[in-house]
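I have placed the structure first, in the form of structure tokens, so that the comments after it can refer back to it.
In what follows, residues are counted from 1 in the order of the sequence shown. Both counts, for ligands and for their atoms, begin at 1 and track the order of listing.
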Amino acid sequence: MANKLVIGNWKMNGSRKSNAELLSKILAPLERLESVDVAICPPFIYLEQLANLVVQSSIQLGAQDLNQAEHGAFTGEISGAMLRDFGCHYVLVGHSERRSLYGEGNDLVATKFQAALRSGLTPVLCVGETLEQRRKGVTLEVVNKQLQAVLDLLGVNQLGGGVLAYEPVWAIGTGETATPEQAQEVHRHIRQYIAENNSEVARTTRILYGGSVKGDNAAELFAQPDIDGGLVGGASLDVHSFLSICKAGQPRHT
Ligand code: PEP
């Protein structure tokens with residue numbers, strides 16, 4: 001069994017001072033945890049600062065987005081190669097805020113996934129339904145389409161080169177968390193959907209849950225058989241909450 005993976009997505013938050021303070025409080029306690037993988041995705045501009053702060057630790061670095069091109073006249077954009085240059089291991093693709101606020105559709109997200117792999121990064125493909133879609137009962141269809149775009153472009157083996165994150169849009173930043181049963185239902189479905197293409201890839205691909213994960217709900221979510229960790233927004237900015245979530249990712253001793 002792979003370690004659980006907890007990724008903190010800082011979104012557009014932080015400052016050089018607050019980043020240094022946060023890291024000074026979480027680094028030592030995180031190093032004492034066993035068998036849980038932890039990564040942080042700060043805003044691009046703080047990647048170098050974070051790379052220096054985590055250099056002696058096991059925390060890995062991720063970015064929140066990338067451009068699908070390798071280089072060129074794309075003002076304001078950042079390529080996968082640049083992220084590698086700054087020591088990134090992961091990159092989020094298709095976060096719901098990118099999809100809803102910046103119009104990123106499934107095809108573009110698939111090309112970003114491809115660009116990440118091409119650069120030697122591990123893409124974290126975010127999928128999930130809106131509240132309206134859940135109420136209409138089309139959650140699984142929406143998630144299928146989001147996965148299928150990557151499968152169509154790259155095939156199942158390359159999909160397995162990434163991490164998946166099921167993030168119901170109605171649970172992101174709202175304080176409303178999917179119940180462990182609701183999350184597990186979709187996670188199981190995602191694994192089965194991949195298994196229709198390749199059962200080994202389905203078994204080994206980590207599927208994270210994201211959407212108001214907190215210190216007091218992480219353990220129950222992570223105990224579900226198809227939940228392999230968490231993608232954590234707001235709570236990753238709080239020392240106590242983030243440490244509790246990472247702690248919940250440790251294997252349970254019976
Ligand atoms: C996210 O940004 O991916 C996220 C899940 O945010 P939050 O934990 O704040 O809901």
Out of L92, L108, D65, which residue meets the side-chain contact (heavy atoms from CB on, under 4.5 Å) rule with R98? D65

Step through the shown structure and confirm whether more than 12 heavy atoms of other residues, nucleotides or ligands are within 6.0 Å of CD1 on I45. no

Tell me, which protein residue and heavy-atom name are nearest atom 3 (O) of ligand 1, and how many Å apart are they? E167 OE2, 2.7 Å

Regarding atom 2 (O) of ligand 1: of the candidates Q64, K11, K214, which has the closest heavy atom? K11

State the atoms of ligand 1, each with its element, that fall below the 4.0 Å cut-off from a heavy-atom position in S212. 7 (P), 8 (O), 10 (O)

Judging by distance only, is a nitrogen or oxygen of G233 under 3.5 angstrom from one on ligand 1? yes

Say whether G234, considering both its backbone and side-chain N or O atoms, lies within less than 3.5 Å of an N or O atom on ligand 1. yes

Electrostatic pair D107-K112, nearest N-O below 4.0 angstrom: no

Between E200 and R203, does at least one N-O distance fall below 4.0 Å, as a salt bridge requires? yes

K145 bridged to E141 by N-O distance under 4.0 Å: no

Measure the acute angle between the ring planes of Y166 and H187, then classify it against the limits of 30° and 60° as parallel, tilted or perpendicular. perpendicular

Compute the minimum heavy-atom distance from A235 to ligand 1 and say whether it is under 4.0 Å. no

Would you mind listing which atoms of ligand 1 come within a distance below 4.0 Å of any non-hydrogen atom of L231? 3 (O), 5 (C)

At a 4.0 Å threshold, what atoms of ligand 1 neighbour a non-hydrogen atom of G211? 5 (C), 10 (O)

Are E129 and W170 linked by a side-chain donor-acceptor pair shorter than 3.5 Å? yes

N/O separation below 3.5 Å, N9 to ligand 1: yes

The residue among Q184, Q192, R188 that forms side-chain hydrogen bond (donor to acceptor under 3.5 Å, both in side chains) with D226 is Q184

Who's the nearest protein heavy-atom neighbour of atom 1 (C) of ligand 1, and how far? H95 NE2, 3.2 Å

Does ligand 1 have any atom that is closer than 4.0 Å to a heavy atom of A171? yes

Would one find an N or O of G173, backbone or side chain, under 3.5 Å from an N or O of ligand 1? yes

